[in-house]
Amino acid sequence: MFTLSSTVQPQVTVPLSHLINAFHSPKSTSFSVSASFSQNQHRDVVPEHEAPSNEPILNLRDLGLSELKIGQIDQLVDSLLPGFCKGKNFSSHWHTSHVSAQSFFENKHGSLDIFSTLRSSCLYRQHSRTLRRICLDLQYWPVFVQSRGFKTLKSRTRRLQSTSERLAETQHTAPSFVKGFLLRDRGSDIESLDKLMKTKNIPEAHQDAFKTGFAEGFLKAQALTQKTNDSLRRTRLIVFILLVVGIYGLLKNPFLSVRFRTTTGLDSAVDPVQMKNVTFEHVKGVEEAKQELQEVVEFLKNPQKFTVLGGKLPKGILLVGPPGTGKTLLARAVAGEADVPFYYASGSEFDEMFVGVGASRIRNLFREAKANAPCVIFIDELDSVGGKRIESPMHPYSRQTINQLLAEMDGFKPNEGVIIIGATNFPEALDNALIRPGRFDMQVTVPRPDVKGRTEILKWYLNKIKFDQSVDPEIIARGTVGFSGAELENLVNQAALKAAVDGKEMVTMKELEFSKDKILMGPERRSVEIDNKNKTITAYHESGHAIIAYYTKDAMPINKATIMPRGPTLGHVSLLPENDRWNETRAQLLAQMDVSMGGRVAEELIFGTDHITTGASSDFDNATKIAKRMVTKFGMSEKLGVMTYSDTGKLSPETQSAIEQEIRILLRESYERAKHILKTHAKEHKNLAEALLTYETLDAKEIQIVLEGKKLEVR
Ligand SMILES: Nc1ncnc2c1ncn2[C@@H]1O[C@H](COP(=O)(O)OP(=O)(O)OP(=O)(O)O)[C@@H](O)[C@H]1O
Ligand SMILES: [Zn+2]
């Protein structure tokens, strides 16, 4: 029975938990909710100890039940829950089961789950307005509208559907946070409560308190979930705001935008890079350029000092030189020496297909720089922004960009402390407007380093690695004519890598020579299988070059001979000038031709005319070029005199044939001289070729030992 006891009690409000308990404990016959259905006159009195303020209170009057007599309540309950009041024999009420959940419960527990009966939506719809009001007024009611269906639901889709249906059904009655809760299946909680009661063997007397506690905990957990959801929402909001502020900051603050420059689109700022660690000390072999830039450093250090004296410094300095000679490094060093910000921009960054982007970037760059003066703006590849090509189809807006650059350069005074350094490999390609006074009016040439400069650069980079004391940077410098600073740095780096690969502790001359050859002639081709016959031909061919070089007074000293295939060659002999040659004598040129002839002469002498090879073609190229220049440029032919013949195609046929004849004579004479030397030193020639076949590569000292007829130490 629903224990609608006639015991009159002073209390007319009940904690919700009690009601829940009542619904959930049909077997229980005595609990405090019974009192709520009394007819007591003091029903509005709420004893503090009975109804804690934080617990939802259910007022019978609010529920529309205050006027009901005990009998009427019995009737109501009976009609709502048939058989409940009689309540002892629950198993006899199979027919009242409307929902599968209930029958499931009964099947499982052997008793009627009134709670689930009440929860059934069918019951909820069918019964009186009063009950509906109970449901409405009970804010937490929808919590219990959950139906605990069979676990044998046909498909997941259906389960999802039913969940959404339930949500739609309760949408207009449930507070928002409850809606969230509704999506969770609470049936399992109730089930676990039942299980708990059974397994723990809780005495009858304590079961009610136990269930009340469970229900209260349930509601508190609900409130907690709500709180957690709220704080989660708050956190998300804060993170979002921080994100927005962060992105805005990155776009606005140039120091932060460093890494985002290329991706920030139209309004991209240009970054200042403080290069305090790069000074003139780091730039080797370009002393003249450093001296010229020294006064710019002084100006940046103290712009006022210069302007007080009325001195004017150029706004723009143009560094002109081949790639990799240290132009960027020099510009950085200027900023580093003066300890001012360094703004780097590459000309190609301004080269945009979209109208105005390049110009806007130039504007940004100068705005930033002016705000941080004194400073250095460096524009690499200036020709790509300030080139002469005006509005080509590929660069439709380049004119706009260059005009912006000109306007910006005109837009500030020389004493503002902003120095613009541009770099280019092709000064001829620059727009004339850029190089007129007031813009890039100072040119500093940064040439390829000479032998002294190369030695310095090599020493500088060698000092950064472990190298053997026997290493002579000057020898490498002599063999690297035309190398830029960047190439020399690369040479040292490659040597260090080679030493590491070979398991050496230090870099020796061998690795340095190796990497020099690699850069000059391409990588070794060790995998190439060359038969003995070809190896022998190569050995005699290369020895031929070496013998001529060794026994010709004006030839360059030999550095090395090798028959190791490298790049397109099967072997080579390298010669080292003692110094960079600014001028060459007739004797030196003839000696070079003779050395070139040595290869073919050797083949002919050793293997016979029928066995000469194609391997001498580049030697002939070389010799022919020298001979041609001697005749047509250097005035070194008696017959043609001291006259230059630049465009040989326009010359008279007689002159042309005279030139050809002179060249031929020079080459034939050279061939004969080489033949004479090789015939004279046939023994040395043979020894050297055999040594090459044995050792593959011989350095200058080893060649000398062999040619002096001594025995080489076994390596
Ligand atoms: N004179 C030098 N002294 C020391 N290091 C050098 C020198 N020249 C070049 N290097 C090395 O080579 C690197 C590349 O040089 P850098 O970028 O300054 O050449 P660049 O003339 O600006 O070339 P590009 O014209 O291709 O821009 C430098 O970072 C530096 O390590
Ligand atoms: Zn050759």
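In each ligand, atom 1 is the first atom listed, and ligand 1 is the first ligand listed. Source: prediction; values computed, not measured.
Residue contact check: Val283 has heavy atoms under 4.0 Å from atoms 1 (N), 3 (N) of ligand 1.
The nearest heavy-atom contact from the protein to atom 7 (C) of ligand 1 is Gly485 CA, 3.9 Å. The protein non-hydrogen atom at the shortest distance from atom 21 (O) of ligand 1 is Lys327 NZ, 2.8 Å. Of the protein's non-hydrogen atoms, the one nearest atom 22 (O) of ligand 1 is Thr328 OG1, 2.5 Å. Annotation: atom 29 (O) of ligand 1 to nearest protein heavy atom, Leu329 CD1, 4.1 Å. With hydrogens left out, the protein atom closest to atom 27 (O) of ligand 1 is Asp380 OD2, 3.4 Å, a heavy atom. Nearest protein heavy-atom contact of atom 2 (C) of ligand 1 is Lys284 O, 3.5 Å. What sits closest to atom 5 (N) of ligand 1 on the protein, heavy atoms only, is Tyr461 OH, 2.6 Å. In this structure, atom 14 (C) of ligand 1 lies nearest to the protein heavy atom Ala486 CB, 4.0 Å.
Heavy-atom proximity to atom 13 (C) of ligand 1, evaluated over Glu381, Glu489, Glu487, is greatest for Glu489. The residue among Gly326, Pro322, Pro323 with a heavy atom at the shortest distance from atom 19 (O) of ligand 1 is Gly326.
The shortest N or O to N or O distance between Val286 and ligand 1 is not below 3.5 Å.
Not a single heavy atom of Trp460 lies less than 4.0 angstrom from ligand 1. Heavy atoms of Gly324 approach ligand 1 to within less than 4.0 angstrom. Using a non-hydrogen distance threshold of 4.0 Å, His282 registers as a contact of ligand 1.
Taking backbone and side chain together, Glu542 holds no N, O or S atom under 2.8 Å from the Zn ion (ligand 2). Checking His545 against the Zn ion (ligand 2), an N/O/S atom falls under the 2.8 Å cut-off.
Using a 4.0 Å cut-off between heavy atoms, Asn425 contacts ligand 1 through its side chain alone, with no backbone atom that close.
In terms of modelled atom types and a separation under 3.5 Å, the side chain of Thr325 and the main chain of Pro322 share a donor-acceptor contact. With Lys290 contributing its side chain and Val283 its backbone, the two residues share a donor-acceptor pair below 3.5 Å. A donor-acceptor distance shorter than 3.5 angstrom exists from the side chain of Glu337 to the backbone of Phe280, with no hydrogens or angles considered. A donor-acceptor contact shorter than 3.5 Å links the side chain of Glu603 to the backbone of Thr613. In this structure, the side chain of Tyr343 engages the main chain of Glu368 through a donor-acceptor pair within 3.5 Å. The backbone N or O of Thr680 sits nowhere less than 3.5 Å from a side-chain atom of Lys683 that would complete a donor-acceptor pair.
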Apply side-chain hydrogen bond (donor to acceptor under 3.5 Å, both in side chains) to His572 and Thr569, showing your working. CA-CA 7 Å; His572 73 273; Thr569 67; 4.7 Å; no

Determine, step by step, whether Arg668 and Glu672 satisfy the salt bridge (charged side-chain N to carboxylate O under 4.0 Å, His left out) criterion, reporting the C-alpha distance in whole Å, the side-chain angles of both residues, the deciding distance to 0.1 Å, and the verdict. CA-CA 6 Å; Arg668 198 188 318 125; Glu672 292 305 323; over 6 Å; no

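The only option from Lys504, Lys518, Lys516 that meets the salt bridge (Lys or Arg N to Asp or Glu O under 4.0 Å) definition with Glu511 turns out to be Lys504.
Rounding to the nearest 0.5 Å gives a distance of 8.5 Å between CG of Leu330 and CD1 of Ile421.
Shortest distance from the Zn ion (ligand 2) to Asp619 is reached at OD2 (N/O/S atoms only).
Using bins of under 30°, 30° to 60° and over 60° for the plane-to-plane angle, the ring pair His541/His545 lands in the perpendicular bin.
Enclosure of atom NZ in Lys535 is not indicated, since only 12 or fewer non-hydrogen atoms of other residues, nucleotides or ligands lie within 6.0 angstrom.
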